[in-house]
K.L.:
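Before I ask anything, let me first share the structure, which is written out below as structure tokens.
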Amino acid sequence: MPGQKISAPKGVSEYVPSRSRAFEFVRENLIAPAKRAGYQLIELPVFEDTELFTRGVGESTDVVSKEMYTFEDRGGRSITLRPEGTAGVMRAVIEHGLDRGQLPVKVWYSGQFFRAERPQAGRYRQFYQVGIEAIGLDDPAIDAEVIAIADAGFKAIGLSKYRLEITSLGDAESRAAHRVDLVEFISTLRLDEATAARALVNPLRLFDDKREEMRKAMADAPLLINYLNEASRLQFEQVQKYLNALGISYVLNPRMVRGLDYYTGTTFEFVHELLGAQSGIGGGGRYDGLMEQLGGQSLSGIGFGLGVDRALLAAEAEGVIGNDAFVSDLFIIPLGESARVKALTIAADLRTHGKSVEIAFGDRALKGAMKGADKSGAKCVVVLGESEISSGTVELKEMKSGHTSSVKIDSLLEAL
RNA sequence: GUGGACGUAGCUCAGCUGGUAGAGCACCCGGUUGUGGUCCGGGAUGUCGCGGGUUCGAGCCCCGUCGUUCACCCCA
């Protein structure tokens, strides 16, 4: 009985040839600017103690309350597949005492994250993010640099049709003052049950409602940006000054809301113009109380997460990324058994010297093998038969031009 | 979790008011002896998502289910 086909779990993003190459390009280049800015790799588990997220990200958030993949392991511990990266980094920094050394701690990460949401264009249950965190420095200059690094990542993969939105959520005092007035304002609105419930846990969320009637209702709502105290306002002005100096264009969006509760002060979001409803390709901000909340010392921090899947979608939408497959330097077509042995050794030798070499295996006719070589896009082809082995010379064919030249087998490395 | 659309060969899709399936691309073989891309000839391929129902008969109609997709909530 033939086995039943098994398909991938719902809503996961996977990348197979030939698109996987574009994915790899995006993932590596998005984070490249961070490495050049002195950020170091931090490699963490994809699952963590559930409490890390309930305490760190915030129980009131949708991410924690209804989108986490949580299960019990065999020892009865509650485990959760990470829905975001910052909390895990904080945990590791505290656990390994990185915060006891030189500050700021600057790390980057790349990997998959999990959220049990209904899949949609650009939204997956397993998705990829790259990100950085800079911990232990309360200087607006680093806010600007973090934003600039994210921006450089998008530019590195060729994106241009996106905008950067920034705002400041201020410090605790500023937010408390604003909240009083905002709650008062909201109490004058007539809300449906779900919305009212959301307003209760975090009234700021109402700013993000896409429904027309809600946008109208919130049009006159008091804005947090107008409640910033002296210190918060100064800090935000500094950030803008540095961004201007860096020549990074941005728009102020005082109605911007982020989905995780730990954000404070500077927050930002990159929004792409060609994507559908899920147009946020990256975002981040300051989280000055998070470390302490997770049992560490009281250190501030700032970071970002960039969506690799969405950045790839954006690059494809802009037409700035090719789907060209990997091409080998040489394709060897052996004819006969002794040639096959020789081809294996030649290929192995050339590869140790950094050349990419493929071999036509099997018993395809020469014509078929040539076709395969052509399809593979290999730069050059060599047919290896009895006469070549005895003479030690092959005809090296340059596929694009069709030109051939006689080359000693021992000199293939130089000829390529 | 809520709503809409869609599920036919590996891929993109066609299939008229119900009569047991087709195209293009891709793939394989060949067009005389060991050199690809074009052209020509030939070939393989589907439990028409799955399960029920209506009917003499269903890819086409009805119900359910699973999946995909787009949007809402939310977010990368």
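Throughout, protein chains are lettered first and strands after them, A, B, ... in sequence-line order, and every chain is numbered starting at 1.
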K.L.:
With distance as the sole criterion, do the side chain of Asp374(A) and the base of G37(B) form a donor-acceptor contact below 3.5 Å?
P.N.:
no
K.L.:
Going by an N to O cut-off under 4.0 Å, is there a salt bridge joining Asp143(A) and Arg286(A)?
P.N.:
yes
K.L.:
Does the G34(B) base have a donor-acceptor partner in the side chain of Glu386(A) within less than 3.5 Å?
P.N.:
no
K.L.:
Just name whichever nucleotide pairs with C61(B), Watson-Crick or G-U, keeping both distances under 3.5 Å, else none.
P.N.:
G53(B)
K.L.:
From C72(B), G67(B), G34(B), pick the nucleotide closest to the side chain of Lys10(A)?
P.N.:
G67(B)
K.L.:
Under 4.0 Å between a side-chain N/O of Arg118(A) and OP1 or OP2 of A71(B), yes or no?
P.N.:
no
K.L.:
May I have the distance from Glu388(A) (atom CD) to G34(B) (atom P), rounded to whole angstrom?
P.N.:
13 Å
K.L.:
Closer than 4.0 Å, any side-chain N/O of Gln120(A) to the OP1 or OP2 of U69(B)?
P.N.:
no
K.L.:
Where the side chain of Asp151(A) meets the backbone of Ile147(A), is there a donor-acceptor pair that is under 3.5 Å apart?
P.N.:
no
K.L.:
In whole Å, what separates the P atom of U55(B) from that of C72(B)?
P.N.:
44 Å
K.L.:
Whether the side chain of Glu117(A) and the base of A76(B) hold a donor-acceptor pair under 3.5 Å is what I'd like checked.
P.N.:
yes
K.L.:
Do Arg115(A) side-chain and A76(B) base share a donor-acceptor contact under 3.5 Å?
P.N.:
yes
K.L.:
Please name the nucleotide paired to G18(B) by Watson-Crick or G-U wobble geometry with both distances under 3.5 Å, or report none.
P.N.:
none
K.L.:
Just say parallel, tilted or perpendicular for the rings of His272(A) and Tyr162(A), cut-offs at 30° and 60°.
P.N.:
parallel
K.L.:
As a test of reading the structure: which of G34(B), A76(B), U35(B) is closest to the side chain of Glu395(A), going by heavy atoms?
P.N.:
U35(B)
K.L.:
Using centres under 5.5 Å plus planes under 30 degrees as the test, is Phe113(A) stacked with A76(B)?
P.N.:
no
K.L.:
With a distance cut-off below 6.0 Å to the six-membered ring centre and an angular limit of 45° from the axis, does Arg255(A) pair with Phe207(A) as a cation-pi contact?
P.N.:
no
K.L.:
Below 4.0 angstrom from OP1 or OP2 of G30(B), is there any side-chain N or O of Lys367(A)?
P.N.:
no
K.L.:
Could you tell me whether the side chain of Lys66(A) has a donor or acceptor atom within less than 3.5 Å of a complementary atom in the base of G1(B)?
P.N.:
no
K.L.:
Charged N to carboxylate O below 4.0 Å: is that the case for Glu48(A) and Arg91(A)?
P.N.:
yes
